[in-house]
Amino acid sequence: MCYHLFIQYQEMYVMDPDKMSPTQYFVQKIIEGYPVEPLAEIPLGPSLSDLLNTALGQRDISVAAAAELSGINRTSLYKIMDGMVQPQRNTLLRLALTLEMDFEQCQQLLKAGSAAQLTSSRLRDRIIMVGLLNREPLDEISRTLDEQGFINLYAKV
């Protein structure tokens, strides 16, 4: 029975390698019985540091200025960029808004920071998405969240 289910699973999940995520690629290789390539060879997205450095350069803003504008301790931001600290989701959202990232860039930043991406299934996220898409200032979005009874973007959660 278990072997039969595995064969069905195997047949269901044969995918085009060019359309696979790194996790799907890894699972597919295991299913096919091939030796799994080292993870370093599996294509990964841009790092959190890369995304932040690119955004800082595009906006011609220093790390110190970005930290001040987003309400983040400058030392903490340097540690985030060096990969020494795992940022909270609100911290990443504040950075995305401060650096005037578009929706897709914000989603990439959240993913690179191992935080949940914005989704329309959560009302709090929808408020943030509308603010992001309308290029509203960080303080205005945070105030709207407060007014609607949600945790604002400056909360440490």
Side-chain angles (χ1 to χ4, degrees), residues 13-30 36-157:
Y13 287 97
V14 174
M15 300 175 72
D16 179 0
D18 295 331
K19 296 179 182 176
M20 287 188 222
S21 72
T23 302
Q24 290 169 329
Y25 175 82
F26 185 76
V27 169
Q28 187 66 38
K29 287 296 184 183
I30 291 171
V36 179
E37 298 170 17
L39 290 178
E41 295 179 22
I42 298 173
L44 301 174
S47 71
L48 181 59
S49 181
D50 290 342
L51 291 170
L52 288 172
N53 279 314
T54 299
L56 288 167
Q58 288 174 342
R59 304 299 180 269
D60 194 28
I61 187 171
S62 69
V63 174
E68 184 176 335
L69 291 170
S70 59
I72 301 168
N73 178 289
R74 183 177 48 177
T75 304
S76 296
L77 183 51
Y78 277 112
K79 287 180 180 179
I80 290 168
M81 293 183 69
D82 289 339
M84 297 170 57
V85 171
Q86 181 71 35
Q88 295 178 343
R89 185 172 190 250
N90 272 352
T91 300
L92 293 170
L93 289 168
R94 289 197 319 266
L95 285 168
L97 291 162
T98 297
L99 296 172
E100 299 174 357
M101 291 183 166
D102 63 26
F103 178 74
E104 190 59 39
Q105 291 169 321
C106 179
Q107 293 289 67
Q108 281 188 318
L109 188 72
L110 291 168
K111 182 177 180 179
S114 300
Q117 293 180 311
L118 295 169
T119 176
S120 60
S121 64
R122 292 188 291 250
L123 181 55
R124 182 179 188 269
D125 282 4
R126 287 198 305 259
I127 292 168
I128 296 167
M129 289 165 69
V130 168
L132 185 66
L133 294 170
N134 290 329
R135 301 264 185 213
E136 294 174 9
L138 168 61
D139 289 341
E140 189 173 322
I141 296 169
S142 197
R143 186 173 37 257
T144 302
L145 289 170
D146 250 350
E147 290 168 358
Q148 296 297 316
F150 293 102
I151 296 170
N152 70 43
L153 292 171
Y154 292 99
K156 299 199 187 299
V157 291

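Below, all heavy atoms of this structure are taken into account, side chains as well, without hydrogens, waters or symmetry copies. Quantities reported herein were computed from a predicted structural model and do not represent experimental measurements. The chain is numbered in sequence order, starting from 1.
Within the structure, the side chain to side chain donor-acceptor pair (under 3.5 Å) test picks out the following pairs touching residues 133-143 (sequence neighbours left out): D139-Y154.
Considering every non-hydrogen atom in both M81 and V63, the closest pair reads SD-CG2, 3.9 Å. The shortest heavy-atom contact between R89 and A116 is NE-O, 2.7 Å. Nearest heavy atom pair, residue P46 against residue A112, reads O-CB, 3.7 Å.
Atom CD of Q105 has more than 12 neighbouring heavy atoms from other residues, nucleotides or ligands inside a 6.0 Å radius. Around CG of L133, the count of heavy atoms belonging to other residues, nucleotides or ligands within 6.0 Å exceeds 12.
Here the CD1 atom belonging to I127 is positioned 5.0 Å from the CG atom belonging to L145, to the nearest 0.5 angstrom. Here the straight-line distance linking atom CG of L92 with atom CG of L97 works out to 11.0 Å at 0.5 Å rounding.
For the pair Q86/T91, no side-chain contact is recorded, criterion being any heavy-atom separation below 4.5 Å from C-beta on. Residues V130 and I141 fail the side-chain proximity criterion, which asks for heavy atoms closer than 4.5 Å. Counting heavy atoms from C-beta on, the side chains of L69 and L138 never come closer than 4.5 Å.
Remark: R74 engages no residue in a salt bridge (Lys or Arg N to Asp or Glu O under 4.0 Å) (not counting sequence neighbours). Legend: residues meeting salt bridge (Lys or Arg N to Asp or Glu O under 4.0 Å) with R59, ordered by chain and number and at least two apart, are E100.
With Q117 contributing its side chain and Q107 its backbone, the two residues share a donor-acceptor pair below 3.5 Å. Although no hydrogens or angles enter the test, the distance criterion places no donor-acceptor pair under 3.5 Å between the side chain of S49 and the main chain of D82. Judged by distance alone, with hydrogens and angles left aside, the side-chain atoms of N90 form a donor-acceptor pair with the main-chain N or O of A155 at under 3.5 Å.
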Verdict with supporting geometry, T119 and S121, side chain to side chain donor-acceptor pair (under 3.5 Å): CA-CA 5 Å; T119 176; S121 64; 3.2 Å; yes
